[in-house]
**Student:** 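Structure provided below as structure tokens; questions to follow.
Below, read A as the first sequence line, B as the second, and so on, with proteins coming before strands; counting in each chain starts at 1.
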2 protein chains.
Amino acid sequence: MTSDDGPRAPRRAGRPRADARPVVGDPTDEILAATGRLIGELGIGGTAMSRIAAEVGLKQSSLYYYFRRKEEIVAALVARANVVPLELVRTIVAQGGSAPAQLYRFVRADVIALCALPFDINEVHRIAARDTEGFASYWKERAVLERRLAGILRSGVRAGDLRTVDPRLTALTILANDEGVQNWFRLGSRWSSRAVGVQLADLVVSGLLPPGSDLASVAAEADRLDPEFR
Amino acid sequence: MTSDDGPRAPRRAGRPRADARPVVGDPTDEILAATGRLIGELGIGGTAMSRIAAEVGLKQSSLYYYFRRKEEIVAALVARANVVPLELVRTIVAQGGSAPAQLYRFVRADVIALCALPFDINEVHRIAARDTEGFASYWKERAVLERRLAGILRSGVRAGDLRTVDPRLTALTILANDEGVQNWFRLGSRWSSRAVGVQLADLVVSGLLPPGSDLASVAAEADRLDPEFR
DNA sequence: CACAGGTTTCGATGACCCATCGAAACGAAC
DNA sequence: GTTCGTTTCGATGGGTCATCGAAACCTGTG
């Protein structure tokens, strides 16, 4: 054997793993990916640290080199998940359009994004609710999301494009709806996430339109800005 | 002291409790009540059997005389919770009225009933989803609920009182909304459960009404049949 | 080569949790 | 007083999370 026998994994510092498999990528990312998959199947409570460790080729205690506590893994996981709706509402508001159309686009895309998550978002909420400190940034981002959504609603109500409703209560209700729905539809079931997103967007927006307004024209406006739905 | 110094607890068979307090009612009911309270505060995973036992004055292992497993307590708890929406939809259908009014009454009352539960209904769903055998009757009842709700929707669509929607998808969406909302509003927060129920009923029914129909008249019809909302 | 210092992993361990088991402590019936 | 059924307990086994010290590797320096 000469100097080169293929792209051998670069030798890493530190004690080698008992399971002598080569290390593929950043262990942190591997742990997050494995945990996402596992809690999707087994739930957070049902996913043991030893199971996660086995999945990535480590012993249980070695996980604590990368994360101090199990919840820290969950927090890192959900931090990523939180970025999507925030980014979504940001770009939708930036792109403008009528309030109903913005709302329509948000609900539709939010549902689809949530359904794509490997785990149940509500379960994570529950963990996060019991550990406000560890999930402080999560709740901060969530508050921003709520405010932005309420902002859309408020301007829609003011412009007469939406029925008169409490913007904050309605924003929270809409987010709760999106999340309540993902639990039931995220696993293929009978309906595609796309169909569910469209359905809920129809329901919510149509439910907020003032008498005499037409849902179809709102949907058409939304579709003009979301090419993938044309 | 003569023979009678008050309604003394009738002596029970069996070994006396270490904690010598008298036994008040049916231990099974006490366990259920205590568990409901505790998992409302601490979550299912956070509620130890030893904690439940301490609450009712027993040692941890004694709980297994009444329930074989922890999940059996949860199952018994949720079985009760399930009765409410089922009973609700049954009586509403029996009382008749237009489909939109039936829908309105169901959503409003369902949200209020769910918000009154001491625990997070979604967390229970998660447990139930992972143990379809232990919760078989739960899922059966749930299916009945879905079908009945879809039945209301179907007849409403057929009569032209509701927009054309997929009854089953919409029924599931509505239930998901009700449950998604309870997580966020069950603890007093800023809004009363009544306000939340009315708000979601407004949103859902208004979102399902065909163009030209009036939400106010539906709400009025619903209020006629629900005296407590007049 | 020997050795120091940093990095990554492991094994052992403690505290806690669920669930099972046999036995203990009672009332009731005979 | 003995036996039987009822209710409770303590002890125990196996599982979980999290911590700790040490092991096993790399690199750099003399």
Side-chain angles (χ1 to χ4, degrees), chain A residues 8-31 34-35 38-39 41-77 127 130-131 133-134, chain B residues 8-31 34-35 38-39 41-77 127 130-131 133-134:
Chain A
R8 84 163 49 253
R11 312 286 258 123
R12 306 173 68 242
R15 177 172 173 170
R17 300 185 175 179
D19 163 356
R21 280 185 297 165
V23 180
V24 299
D26 178 2
T28 302
D29 290 334
E30 263 205 296
I31 291 168
T35 306
L38 286 172
I39 72 177
E41 293 170 38
L42 312 168
I44 293 178
T47 302
M49 291 296 271
S50 56
R51 185 85 167 67
I52 301 172
E55 201 86 356
V56 302
L58 284 170
K59 300 293 182 184
Q60 181 253 4
S61 65
S62 302
L63 289 179
Y64 292 83
Y65 180 70
Y66 297 97
F67 296 92
R68 317 173 75 87
R69 305 177 303 130
K70 187 181 178 182
E71 289 188 354
E72 213 169 80
I73 306 183
V74 178
L77 217 47
I127 301 281
R130 299 232 159 67
D131 179 14
E133 306 211 0
Chain B
R8 85 163 47 252
R11 310 287 258 126
R12 307 172 69 242
R15 177 171 173 170
R17 299 185 176 180
D19 164 355
R21 279 185 297 164
V23 180
V24 299
D26 179 1
T28 302
D29 289 335
E30 263 205 295
I31 291 168
T35 307
L38 286 172
I39 73 176
E41 292 170 38
L42 311 169
I44 294 177
T47 302
M49 292 295 272
S50 56
R51 186 86 167 66
I52 301 173
E55 201 85 355
V56 301
L58 285 170
K59 300 293 180 184
Q60 179 254 6
S61 66
S62 302
L63 289 180
Y64 292 84
Y65 179 72
Y66 297 96
F67 296 92
R68 316 174 76 85
R69 305 178 301 130
K70 186 180 177 182
E71 289 188 354
E72 215 169 78
I73 307 182
V74 177
L77 215 48
I127 301 281
R130 300 229 160 67
D131 179 14
E133 306 210 0

**Student:** Do B:F67 and B:T28 touch side chain to side chain, with heavy atoms closer than 4.5 Å?
**Tutor:**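 A side-chain contact under 4.5 Å exists here.
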**Student:** Hey, is the side chain of A:S62 poking within less than 4.0 Å of OP1 or OP2 on C:dC10, counting only N and O atoms?
**Tutor:**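 For A:S62, the contact criterion (side-chain N or O under 4.0 Å from OP1 or OP2 of C:dC10) is met.
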**Student:** Taking the nucleotide of DNA chain C with the closest heavy atom to each, which residue, A:P27 or B:R68, is nearer the 5' end?
**Tutor:**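 Counting from the 5' end, the first nearest nucleotide belongs to A:P27.
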**Student:** Quick check on C:dT20: is either OP1 or OP2 less than 4.0 Å from any side-chain nitrogen or oxygen of B:Y64?
**Tutor:** no
**Student:** Would you kindly compare B:D19 and B:G14 by the position of their nearest DNA chain D nucleotide and give the one closer to the 5′ end?
**Tutor:** B:G14
**Student:** How many Å lie between CE on B:M49 and C1' on C:dC17, as a whole number?
**Tutor:**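 Rounded to whole Å, this separation is 10 Å.
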**Student:** Look at the side-chain N and O atoms of A:Y65 and state whether any lies under 4.0 Å from the OP1 or OP2 oxygen of C:dT8.
**Tutor:** yes
**Student:** Taking the side chain of A:P16 as its heavy atoms from C-beta onward, which of C:dT7, D:dT8, D:dA24 lies nearest to it?
**Tutor:**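 Nearest listed nucleotide: D:dA24.
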**Student:** When the distance from CZ of A:R69 to P of D:dC17 is rounded to whole Å, what number comes out?
**Tutor:** 13 Å
**Student:** Both B:G45 and B:A13 contact DNA chain C. Taking the nearest nucleotide for each, which residue is further toward the 5' end?
**Tutor:** B:G45
**Student:** In whole angstrom, what separates A:D26's CG from C:dT7's P?
**Tutor:** 15 Å
**Student:** To the nearest Å, how far apart are A:E71 CD and D:dT16 P?
**Tutor:**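 Atom CD in A:E71 sits about 17 Å away from atom P in D:dT16.
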**Student:** Among the candidates D:dG10, C:dC10, C:dC17, find the nucleotide nearest to the side-chain atoms of A:S61.
**Tutor:** C:dC10
**Student:** For B:T35 and B:K70, run side chain to side chain contact (heavy atoms under 4.5 Å, CB included): C-alpha distance rounded to whole Å, both residues' side-chain angles, the deciding distance at 0.1 Å, then the answer.
**Tutor:** CA-CA 10 Å; B:T35 307; B:K70 186 180 177 182; over 6 Å; no
**Student:** Expressed as a whole number of angstroms, how long is the span from A:L58:CG to D:dC25:C1'?
**Tutor:**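 My rounded result for the distance is 15 Å.
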**Student:** What nucleotide among D:dT8, D:dG10, C:dC18 has an atom nearest to a side-chain atom of B:K70?
**Tutor:**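 Nearest nucleotide to the side chain: C:dC18.
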**Student:** Rounded to whole Å, please give me the gap between CZ in A:R12 and P in C:dT7.
**Tutor:**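 Taking atom P of C:dT7 as the reference, CZ of A:R12 is at 12 Å.
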**Student:** From the options D:dT8, D:dC17, C:dC17, select the nucleotide whose nearest atom is closest to the side chain of B:R15.
**Tutor:**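 Selected nucleotide: D:dT8.
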**Student:** Separation of A:Q60 atom CD from D:dC20 atom P, in whole Å?
**Tutor:**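 It works out to 14 Å between those atoms.
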**Student:** May I ask you to say what A:Y66 touches in the nucleic acid, namely base, sugar-phosphate or nothing, with a heavy-atom cut-off under 4.0 Å?
**Tutor:** sugar-phosphate
**Student:** Using 0.5 Å steps for rounding, measure from the CG atom of A:L77 to the CD atom of A:E71.
**Tutor:**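 Answer rounded to 0.5 Å: 13.0 Å.
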**Student:** Hey, does B:L58 have a side-chain heavy atom less than 4.5 Å from the side chain of B:Y66?
**Tutor:**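 The answer is yes; the side chains approach within 4.5 Å.
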**Student:** B:K59 NZ to C:dA24 C1': how many Å, rounded?
**Tutor:** 15 Å
**Student:** Do side-chain atoms of B:R130 reach the backbone of A:E41 as a donor and acceptor pair under 3.5 angstrom?
**Tutor:** yes
